[in-house]
Structures are given as C-alpha cells and as structure tokens.
Amino acid sequence: MIECSSITKSYTTGGEETQVLKGVSFSIKSGEFVAIMGPSGSGKSTLMHILGALDTPTSGSYILDGKDVSKLNDDELADIRKEKIGFVFQAFNLLPRATVLRNVALPLVYAEMPKPEREKKAKTALLHAGLDESRFYHLSNQLSGGQMQRVAIARALVNDPAIILADEPTGNLDTKTGEIVLKTFQELNSQGRTIILITHEHDVASHAKRIIHIKDGNILSDETNHHQIILN
Amino acid sequence: MRTSDLLEETLSAVTANKTRSGLTMLGIVIGIASVIALVAIGAGAQNSIAANIQALGANLLTISPGAQRTFGSTVSSGQGSAQSLTAGDADAIAKNISGIKYVSPETSGRYQIVAKGNNTNTSVLGVKPVYLPVHNLSVESGSFFADSQVTNYAKVAVIGPTVRDDLFGENAENVVGQTITIKGVPFTVIGITLTKGGTGFNNPDNNIYIPLTTAQRYFIGNENLGTISVQAENAEVMTQVQTDATALLMQRHKIAEGGTADFRILNQSDIVSTASSVTGVLTQLLAAVAGISLVVGGIGIMNMMLTTVTERTREIGLRKAIGARSKNINAQFLAEAVLLTFFGGAIGVFLGWLISFIVSYFNIVAASVSLNSILLAFSVSAGVGIIFGYYPARKAARMSPIEALRYE
Ligand SMILES: Nc1ncnc2c1ncn2[C@@H]1O[C@H](COP(=O)(O)OP(=O)(O)OP(=O)(O)O)[C@@H](O)[C@H]1O
Ligand SMILES: [Mg+2]
C-alpha cells in the first residue's frame with residue numbers, strides 16, 4: 001500500500017543545504033502496525049510529514065494506494081490528507097472551545113458530509129477509540145490528557161483513512177495512560193487498520209509488529225517484532 | 001466546505017471572544033451610524049429649506065429695483081437706490097405677459113410702531129389684497145383690507161401675530177379695532193394674520209400690512225414700488241415669464257438691448273436650487289468625514305484579524321492537516337471579518353435610524369432615512385470586511401501546515 005523508494009529531503013538554511021533524509025526505501029502493507037524509531041533529530045518527523053502528505057520529498061517517489069504523492073500540488077495534497085490519512089499528534093491539537101463531538105467530526109466538515117451523518121460517524125469513531133459516551137458533549141479542554149488523546153485518535157479514525165500516523169502520541173502522557181493509548185492502537189490494528197507510530201522510546205515501539213530504526217536520515221534496521229507476533 | 005458549516009464555524013469563532021469582537025465592531029458601528037444619520041439629517045434639512053422657500057409663495061418671481069443685491073435680504077431698508085419700478089410696470093406685466101397668475105406690487109420699510117405706550121420696530125409692507133394668495137398668507141381674526149380701501153388711501157393695518165404680542169401682550173384678545181401709530185400716523189387694526197412660523201429669510205409673523213397707496217403717500221413719498229412679486233401659473237413657465245418680464249421692463253425703461261438693467265428679477269426656483277446645492281455639498285462633506293471613520297473601523301478589523309490568525313496558527317495547521325484546502329481557510333477568516341463588519345453595519349444602521357428618529361421627534365429637522373442609504377451602508381460594511389479581511393485571511397491560507405503545527 002505504501003511504497004517509498006530512495007526518498008531524500010533537504011533543507012536549505014542560510015545558504016547551506018542539509019540533507020535530513022538520505023535515501024529511504026521501504027514498503028508497508030495494509031493492516032501493518034509499524035513503529036519508526038530513532039534518536040532525536042534523526043528525521044522521524046520529517047519522514048512522517050512526507051508519509052502524511054503534509055510535505056513532498058526532494059527526490060525519490062512515494063506511492064500511496066497506487067498514486068504517486070511526491071509530485072502533487074498543495075490542493076491535491078490536502079485532498080490526499082482528507083481521504084487517506086489520519087493524524088495523531090503529541091500535542092493532541094484539539095479545538096479548545098469545541099465539544100468532543102465537533103472536534104472528531106471536523107475532518108468530515110471538509111469532506112462536505114451533512115451534519116447528522118457526520119455526528120453519527122464521529123460517535124462510532126469515539127466508541128472505537130474507547131471514550132465513554134458521557135464525555136461526548138464536553139468541551140475538549142475539560143478532558144484529561146488520556147481522554148484528549150483518545151479524542152484525537154477518534155478524529156484520526158473518522159474519515160476511514162488508509163493509514164493512521166501517530167507522532168509521539170504518548171509523549172505528553174504518563175506511563176499508565178500511555179499504555180492505555182497504545183492498547184487502543186493495538187485494538188484498532190487488530191480490526192485491520194494500518195498504523196504507523198513514531199517514537200524514540202523502545203517501550204513504545206515494542207507495541208508494534210514491525211520496527212524500522214532510522215539514524216541520521218538512513219534506515220539502520222527494519223525487522224519484525226516477534227514478541228508482538230507471538231502475543232497475538 | 002458547506003455554506004452552513006462555514007457560517008457555524010464563523011459564528012462560533014466570533015462569539016468565542018465577545019468583548020473583543022464587540023470592541024472591534026464599534027468602529028464600524030460608529031462609522032455606519034454617522035453616515036446614515038448625517039445623510040438623513042442632510043436630506044431633511046434640504047427638504048425643509050425648499051419647503052420654507054415655497055412657503056413664501058409658490059412659483060414666485062421677485063422683481064426689485066436698482067443694483068443687484070444678494071438674495072436673502074428681501075426685507076429692504078426703505079426703497080432701493082434706483083427707484084425704477086412703478087405701478088405702471090406692474091400693470092404692464094399683468095396685462096402683456098402670459099402664464100401669470102397674480103402680480104403683487106409691494107413697498108416696504110422699517111418704522112417705529114407705538115400702541116398703548118408699547119414700542120416696536122418692524123417691517124411695514126404696503127400691499128394690495130392680492131398679496132395674500134401670492135405669499136400663502138391668511139387672516140386669523142378680523143379681515144384683510146379690500147381693493148376699495150387701497151383706492152381710498154385707508155389708514156387700516158393688518159398685523160402679524162408677533163407684532164400683536166409685542167404691542168398688546170401675548171395672545172391679547174380684542175386687538176381688532178384698536179389703534180396703532182406707524183411713524184406717528186394713526187392706523188386702525190382690522191385683522192391679524194395666521195401664524196406661519198419663522199422661515200429663515202424673513203418672518204411674515206412680524207410684519208404689518210397696510211394699503212399700498214397709503215404706504216406710498218405717508219411713508220415713501222412717491223409712487224414707486226419696492227418690489228413686484230409675480231406668481232407664475234406653474235413651475236414650467238417660470239423661465240418664460242422671467243424672460244418676457246425682463247424684455248418688457250427693458251423696453252419700458254428705455255434700456256437698449258445689452259445695457260445694464262435698473263431692476264433685477266429673482267427666480268424662486270434658483271434660490272431653492274442654490275440653497276439645496278449648498279446643503280447638498282455640506283451633507284456630502286459630513287458623509288465623507290463619517291466615511292473616514294469607516295476606514296478607521298476597517299483598520300481595527302484588520303488589526304484584530306491579524307491577531308486572531310497569529311493566535312490560531314496551530315488551529316490553522318490542524319485544519320490543513322485534516323484536509324482543509326487553502327481556500328477553505330481563506331474563506332473562514334474572510335467570513336469572520338465580513339460577519340463582524342456586517343453585524344457592525346446592522347447595528348450602525350439601527351443606531352443611525354434611531355438618531356434620525358430622535359432628531360425628527362424633537363422637531364429639530366425632519367430627517368428621513370432612505371432605503372438607498374441603508375442598502376449602501378450594508379454593502380459598504382460588507383465591502384470594508386472584504387477589503388480589510390483579505391490580507392489576514394490570505395496570510396492564514398498561505399501558512400505551511402508543518403510550520404503552523406509546530407508553532408508555540
Ligand atoms: N524546516 C526545516 N528547516 C531546516 N531544518 C529542518 C527543518 N525541519 C527539520 N529540520 C532538521 O531536520 C532534522 C530532523 O528533524 P526531525 O524533526 O525530523 O527529527 P525527529 O527525528 O523527529 O526528532 P525528535 O525525536 O526530536 O522529534 C533536524 O536536524 C532538524 O533540525
Ligand atoms: Mg519529531
């Protein structure tokens with residue numbers, strides 16, 4: 001489903017060009033749960049931005065669902081994000097003065113779905129993400145960190161994306177809440193969803209079925225997490 | 001993005017910070033309210049000036065002797081220097097020119113009036129009974145003098161209500177039949193005119209009317225006229241009557257074509273249009289000043305929108321990450337600006353209307369708010385929103401989603 005070949009990304013700052021990704025190639029099949037691991041500054045977020053169609057690579061190709069995303073313009077990228085990508089951010093990024101339901105339904109607003117249908121889908125997504133029904137009409141800033149991240153996961157689910165991309169989703173949570181959020185990802189994966197998790201913590205990565213290590217913009221290793229396969 | 005969703009998003013953003021939205025709108029409210037009120041008051045003033053001039057008598061041409069005078073000084077101090085107008089002139093005009101309803105020969109002067117030991121100094125007009133219809137004047141009590149009394153040099157007077165108040169006391173009764181002396185000559189009061197109200201040019205309530213012949217014999221000392229008021233049949237023939245009267249008088253006064261006339265004809269419609277163009281220019285000036293306050297209001301909107309865009313950078317990043325196109329973001333922020341100015345405009349229209357209503361209610365000016373100025377106010381306020389919201393909205397739409405998401 002995802003085909004990356006020789007992806008590079010360079011930034012020019014102050015006339016000096018730095019290559020952040022130096023030719024990354026891998027493929028991810030539908031239904032996989034992949035963790036991308038690496039130290040700080042290794043280019044994980046940069047890679048996620050490309051996978052999530054927020055940015056395009058400097059060279060190389062990125063094929064998502066048979067479509068080459070690497071050469072699209074801004075509006076076409078927005079449409080890819082709308083239809084195929086679900087994001088979960090470290091900082092949750094919920095609209096503070098809006099209800100939980102409105103936050104989750106927001107992606108469908110841009111898909112021009114009618115309101116009743118939108119809210120029905122949002123409720124289903126929230127139940128999948130494991131949020132209690134009694135919280136649906138709370139304002140998002142009245143929730144705990146763990147609850148906020150579940151709302152963010154529900155928002156990532158609501159448009160039935162091909163992949164869910166999570167950049168350090170447990171970075172702002174304590175270990176126990178983080179564990180619950182990771183369990184949610186595992187459940188979603190067991191229902192057949194493709195999940196890409198970005199982290200620099202081994203404990204977090206160990207929840208995935210496959211771990212890709214990157215360092216200084218190169219892939220160090222790409223291996224199956226046998227531990228998780230056996231658990232399943 | 002559906003329009004209903006755009007509206008919902010916009011409304012929730014604007015109501016999120018009510019104080020700030022309200023204060024920002026205030027500039028537009030004041031701007032629109034002052035434009036509406038000033039235009040309405042200006043139109044009202046224009047109407048009332050035109051009505052006041054008409055009240056002096058409709059479709060009037062005023063012929064006066066001598067050098068040109070500036071209009072407005074219809075109360076002359078004694079006779080003009082060149083005493084050129086005679087009863088013969090008045091008769092000739094009435095006889096030879098078509099399109100004329102009435103010709104009213106008149107003299108005027110200011111004299112000392114005494115009655116029962118009270119003194120006043122006011123205008124005394126020597127007129128014929130035809131003066132009444134020409135100048136829209138009517139008698140409240142008693143009667144006006146008849147043509148026979150003009151012929152007989154009768155020493156009778158019809159006085160205005162203000163003169164009565166001055167000489168006999170507020171709303172004094174039984175004034176008809178009393179005697180007053182004008183410049184030492186005794187006159188019998190036979191009537192009091194109906195109150196007309198001040199008109200700005202002269203106040204007919206403060207006049208005394210006596211027979212034309214009497215005035216000429218006792219006060220003027222000759223047969224000359226102060227003015228000839230000519231009332232045309234309708235507004236359309238006024239120019240023709242004016243041209244014909246000029247030609248006739250030139251001929252009667254033996255002035256060669258191209259020579260300087262020793263009389264002057266004032267066309268009432270000229271006065272009306274001059275006066276209303278003066279108030280029109282004034283209204284436009286005031287409206288322009290009010291328009292400047294709209295621009296200031298617009299800058300306030302732009303300032304607030306720029307702050308909002310910066311504050312909501314992360315939100316913009318998120319919206320883009322979940323699939324919003326640049327045009328969606330652009331529409332959202334533009335809609336916020338337009339909503340603010342539109343609301344401001346609506347409140348401003350109401351406030352402007354209220355001011356006009358109060359001004360009319362207290363009889364200051366009969367201000368009239370026109371539908372046109374309301375429609376204009378709405379489109380101008382929406383336009384201000386679009387113009388001053390454009391730059392902030394474009395700034396929001398052009399943000400890179402990655403940088404916006406990373407913004408602290
Ligand atoms: N817009 C940019 N301009 C210039 N350099 C950039 C830009 N974005 C990222 N970089 C550089 O690219 C490198 C990789 O950044 P990236 O955010 O991908 O790291 P990361 O692996 O996600 O790190 P962390 O674990 O700390 O989040 C860093 O050295 C960073 O300075
Ligand atoms: Mg990162």
Side-chain angles (χ1 to χ4, degrees), chain A residues 9 11 45-46 48-50 52-56 73-99 102-118 139-141 152 154-159 161 164-165 167, chain B residues 1-22 304 307-336 339 393-408:
Chain A
K9 182 74 188 176
Y11 292 109
S45 295
T46 307
M48 188 199 84
H49 292 151
I50 291 169
L54 282 167
D55 207 351
T56 49
N73 68 25
D74 283 353
D75 280 350
E76 289 165 332
L77 285 175
D79 289 346
I80 293 285
R81 297 195 292 270
K82 182 161 69 191
E83 286 153 21
K84 298 192 186 290
I85 316 281
F87 284 104
V88 178
F89 302 99
Q90 177 175 353
F92 319 136
N93 284 330
L94 301 177
L95 300 186
R97 289 174 309 267
T99 61
R102 208 174 130 214
N103 264 290
V104 175
L106 193 61
L108 303 177
V109 165
Y110 294 107
E112 308 208 323
M113 190 180 280
K115 199 172 181 180
E117 206 177 319
R118 228 156 58 198
L139 294 183
S140 67
N141 52 3
R155 184 180 60 197
L157 278 178
V158 79
N159 59 339
I164 294 174
L165 286 167
D167 193 354
Chain B
M1 200 174 186
R2 294 159 159 253
T3 317
S4 60
D5 290 328
L6 179 65
L7 234 100
E8 198 182 325
E9 292 280 339
T10 309
L11 214 61
S12 84
V14 168
T15 49
N17 198 334
K18 293 195 187 67
T19 320
R20 187 156 80 181
S21 300
M304 186 202 116
T307 312
T308 306
V309 167
T310 310
E311 277 176 0
R312 284 157 66 190
T313 301
R314 259 165 170 292
E315 179 193 323
I316 293 164
L318 172 83
R319 285 179 187 273
K320 288 197 152 189
I322 61 175
R325 286 181 168 204
S326 295
K327 67 161 198 222
N328 296 134
I329 304 293
N330 198 58
Q332 189 186 337
F333 284 93
L334 205 56
E336 274 178 40
L339 192 76
R394 200 184 61 154
K395 196 179 162 206
R398 284 192 174 179
M399 279 180 183
S400 134
I402 300 168
E403 268 154 41
L405 279 167
R406 207 185 281 148
Y407 183 83
E408 293 299 328

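Rounding to the nearest 0.5 angstrom, the gap separating the CZ atom in A/Arg97 from the OG1 atom in B/Thr15 is 8.5 Å. Taking CG from B/Leu405 and CZ from A/Phe89, the interatomic distance works out to 4.5 Å, rounded to the nearest 0.5 Å.
Both the backbone and the side chain of A/Pro114 come within less than 4.5 Å of a heavy atom of chain B. For A/Asp74, no part lies under 4.5 angstrom from a heavy atom of chain B. A/Ile85 does not touch chain B: none of its heavy atoms, backbone or side chain, sits under 4.5 Å away.
Within 6.0 Å of atom CG in A/Asn141, more than 12 heavy atoms from other residues, nucleotides or ligands are found, so the atom counts as buried in its surroundings.
Side-chain contact between B/Asp5 and A/Arg118: present, with at least one pair of heavy atoms (C-beta onward) separated by less than 4.5 Å. Taking the side chain as every heavy atom from C-beta outward, B/Ser12 and A/Arg102 approach each other to under 4.5 Å. B/Glu9 is listed as a side-chain neighbour of A/Leu106, based on a closest heavy-atom distance under 4.5 Å.
Residues from residues 311-319 of chain B that place a non-hydrogen atom less than 4.5 Å from a non-hydrogen atom of chain A comprise B/Arg314, B/Glu315, B/Leu318, B/Arg319, given in numerical order.
Counting heavy-atom pairs under 4.5 Å between each of B/Glu8, B/Arg2, B/Lys327 and chain A puts B/Arg2 at the top. By number of non-hydrogen pairs under 4.5 angstrom with chain A, the leading residue of B/Ile322, B/Asn328, B/Leu6 is B/Ile322.
Residue A/Leu54 comes nearest to B/Pro401 through the heavy atom pair CD2-CB, 3.7 Å, listed as atom of the first residue, atom of the second, then distance. For the residue pair B/Gly323 and A/Tyr110, the shortest heavy atom distance occurs at O-CB, 4.2 Å. Taking every heavy atom of both residues into account, B/Ala324 and A/Ala78 meet most closely at O-CB, 3.8 Å.
Side chain of A/Arg81 to main chain of B/Lys320: a donor-acceptor pair is present (N/O by atom type, distance under 3.5 Å, no hydrogens or angles).
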